[in-house]
There are 2 protein chains.
Amino acid sequence: MKRKITLKQIARELNVSISTVSKALRDNHEISKETADKIKAFAKQNNYRPNNIALSLKNRKSMTIGVIIPDITHHFFSKVIKGIEKIANKQGFNVIIGLSNDSFDKEVLNMEMLANGSIDGFIISISNDTQLKQDYHHLAETMNQGMPIVMFDRFSNETICDKVIVDDFDGGRKATKKLLEIGCKHIAIISTEDFVSVSRHRLQGYLEALDNHKITPKSSLITKISEGADIEKEVNQLFDSNKKIDGVFAVNEIFAITAMKVARQRGLRVPEDISVIGFSDGLLSKHCSPSLTTISQHAVKMGEKSAELLMKRLENESEEEELPRTIVIETSLIERESTR
Amino acid sequence: MKRKITLKQIARELNVSISTVSKALRDNHEISKETADKIKAFAKQNNYRPNNIALSLKNRKSMTIGVIIPDITHHFFSKVIKGIEKIANKQGFNVIIGLSNDSFDKEVLNMEMLANGSIDGFIISISNDTQLKQDYHHLAETMNQGMPIVMFDRFSNETICDKVIVDDFDGGRKATKKLLEIGCKHIAIISTEDFVSVSRHRLQGYLEALDNHKITPKSSLITKISEGADIEKEVNQLFDSNKKIDGVFAVNEIFAITAMKVARQRGLRVPEDISVIGFSDGLLSKHCSPSLTTISQHAVKMGEKSAELLMKRLENESEEEELPRTIVIETSLIERESTR
DNA sequence: TTACTTTTCGCAATCGTTTTCGTGTTTAAA
DNA sequence: TTTAAACACGAAAACGATTGCGAAAAGTAA
């Protein structure tokens, strides 16, 4: 139950001043080898470690970065965190997590909680709620206070900061192109509501791919499922509204797997009768059967890049501001069993 | 690029002392209403917020809890974190994450990094590596310094602290009992190596259930797959060594799903010819097909309980030590399509 | 011995707060 | 008018660490 030992206690015990102890432990030349050795020995014996909080206050930096994400149980986000943690830890930074739960208010609250000295910078993927409200003042204010922000995946155009984004447009195009190439004629897309930026971009990629093949998109092939809706029901409606569907591009794993399930219930074989491509390469895609052909976003790499960007900005503090960078992570198509 | 405003700046601006500002903002009666109002107005206008780091140093607590887990991309752990975060946030605590990556060294490093003032207490699930080495000195030392620890899921008996554990023994028994009840005669278990405590307990539960039904366990029905091994190959060997298998209890989702896959490859129908039960209720279990009957550990609840235990201990600091508590979270069987 | 340099250490400021205590001013009671 | 109480505010210490600077002690040269 003994508290951690401090410089003051070492100083008192050894009858020297606090500054002597501090200097000795940091190998300052002002201290004689004799004294330094004595102090070091005592410190080691008592397992002295400088108090991080005191250092943070003195240096005005906490060596901690704050990560705000909508949902940690979402596999994509946990992979991003893994990447962030890896890079941050390597450079001696800690990672503190804030969950917005896809609520604007909680996102703001979390940021305010952390922005008062606890952290040196943010890495954030904004909530759907925030994208819906289009209210980004908390980001602007935070940056105004000199706290750097890196946005990843879900971002807002009006916030001027470093960004690490997925080329969702190209991902959507890639997936659709693949379906076209293997001979699909009636390709449906299962997306979310339009205000979710990433889904919107994937849909645009889908349209672009169709256009490249001189195919006119049909509204009966496009479905947008809103948060909390009954996915299976919606997918069934999609299949009802167009009986000729022979290819499905879903903007996430759950939608894709539900599509396969519904297709099978309707007597369609995957991939013989219908091919399915999902988005984001999680456990589900790999282990469901048939395993899912999908667009990988390289989540871990996104986390790594985000952390690198942030820490680079934290390094050259006093120097003049560098221009914000945007790193685009290319997607890649992972072929599995759900496409023929 | 203006820094956050401090008490000192407010004081200078308003020609009062720092202490007057502090007192005014905290509604101390010593300050006249007139002065207080003026200060409050100025503070609000300039969006003053006390610096967390300074408060941490002064109060000797950081209002932050450290969570050390082996792998955040593991769905079980991310759900636990969700539970922790929910409770912690409600009480004004932040959550800082350390990933051990199932390495003993990184676990120790992470703890040392955080234990120097950054956090007020730990919630930890130890790494497999640590369980293998059976070296728990870092936990003991941390507690020795007055830092409370709550262990969850994977724990060590020799560490005396609050614990939130799954009744893995009962979970294993429940699953096996279910398989017996639906008529399985040759029930295999797919587990991991013995040093992983949770797997060991589940295996014991399996044996207990067999014993209750007066069935002698066969070694040909018990397989233990080590880290990094080719799961599919191992499962195939299991099916080779005993052709009569009509029920499988797997200690995790991946093993269970692989078992279903291998079974199907061998012409066995799930659940008509063979029933499968997994462990831990993740996305995979819910969305694979046939969907997986599984033992749920109630991960979110575990996180909540862990956070509650830790914060309760942080509250009554100076009081005499309360005895360590162990909370056992009961498992429950979730029936889906993989059992008949 | 004197003067000057070098070595070795402590003082004090600083980071941003909170809080105890002291002090000067005002007000009310005697 | 004197005295005590009430009021309003500031100085300073504390949390734990770092660091520039001044000063004492020791060493060196003349």
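Every chain is numbered from 1, with letters handed out A, B, ... down the list of sequences.
Taking atom CG of B/Asp27 as the reference point, atom P of D/dA8 lies 14 Å away to the nearest angstrom. If you take NZ of A/Lys58 and P of D/dA14, they are 19 Å apart, rounded to a whole angstrom. Across the protein-nucleic acid pair, A/Ile18 atom CD1 and D/dG16 atom P stand 10 Å apart, rounded to whole Å. When rounded to the nearest whole Å, the span between CG of A/Leu7 and C1' of C/dA12 equals 16 Å.
Non-hydrogen atoms lying under 4.0 Å from DNA chain C are contributed by A/Ser32, A/Thr35, all within residues 32-47 of chain A.
At C/dG16, none of the side-chain N or O atoms of B/Arg49 fall inside 4.0 Å of OP1 or OP2 (strictly under the cut-off). For B/Tyr48, a side-chain nitrogen or oxygen approaches OP1 or OP2 of C/dT17 to under 4.0 Å.
Taking only side-chain atoms of A/Ile31, from C-beta outward, the nucleotide of C/dC9, C/dT17, D/dT18 with the closest atom is C/dC9. Among C/dT17, D/dT19, D/dG16, the nucleotide with an atom closest to any side-chain atom of A/Arg26 is D/dT19. Side chain of B/Lys8, nearest nucleotide from C/dG16, C/dC15, D/dT18: C/dC15.
When each of B/Ser17 and B/Asn59 is assigned the nucleotide of DNA chain D bearing its nearest heavy atom, the one mapping closer to the 5' terminus is B/Ser17. Residue order along DNA chain D, read from the 5' end via each residue's closest nucleotide, puts A/Lys4 first among A/Asn28 and A/Lys4.
Counting any heavy atom pair closer than 4.0 Å across all strands shown, B/Ile53 reaches no nucleic acid atom. Residue contacts shown for B/Thr6 are limited to sugar-phosphate atoms, with no base heavy atom under 4.0 Å away.
Every side-chain hydrogen bond (donor to acceptor under 3.5 Å, both in side chains) that B/Lys106 has, sequence neighbours left out, goes to A/Glu85. Taking B/Lys82 as the reference, A/Asp71 meet the salt bridge (charged side-chain N to carboxylate O under 4.0 Å, His left out) condition, with sequence neighbours excluded. Residues passing the salt bridge (charged side-chain N to carboxylate O under 4.0 Å, His left out) test with B/Asp129, sequence neighbours excluded: B/Lys133.
Using a 4.5 Å heavy-atom cutoff, the side chains of A/Met151 and A/Asp162 are not in contact.
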Contacts table for residues 18-25 of chain B: side-chain donor-acceptor under 3.5 angstrom, sequence neighbours left out:
unit_1: B/Ser19; atom_1: OG; unit_2: B/Ser17; atom_2: OG; d: 3.1
unit_1: B/Thr20; atom_1: OG1; unit_2: B/Ser17; atom_2: OG; d: 3.0
unit_1: B/Lys23; atom_1: NZ; unit_2: B/Glu30; atom_2: OE1; d: 2.9

Would you tabulate the nitrogen or oxygen pairs shorter than 3.5 Å linking the protein to nucleotides 20-28 of chain D?
unit_1: D/dG20; atom_1: O6; unit_2: A/Lys23; atom_2: NZ; d: 2.8
unit_1: D/dC21; atom_1: N4; unit_2: A/Glu30; atom_2: OE1; d: 3.4
unit_1: D/dC21; atom_1: N4; unit_2: A/Glu30; atom_2: OE2; d: 3.2

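Donor-acceptor pairing under 3.5 Å is recorded for the side chains of B/Asn116 and A/Lys4. Between the side chains of B/Gln131 and B/Ser197, a donor-acceptor pair is found at a separation under 3.5 Å. Under 3.5 Å, the side chains of B/Thr130 and B/Ser127 contain a donor-acceptor pair of N or O atoms.
Around atom CD of B/Glu34, no more than 12 heavy atoms belonging to other residues, nucleotides or ligands sit under 6.0 Å away.
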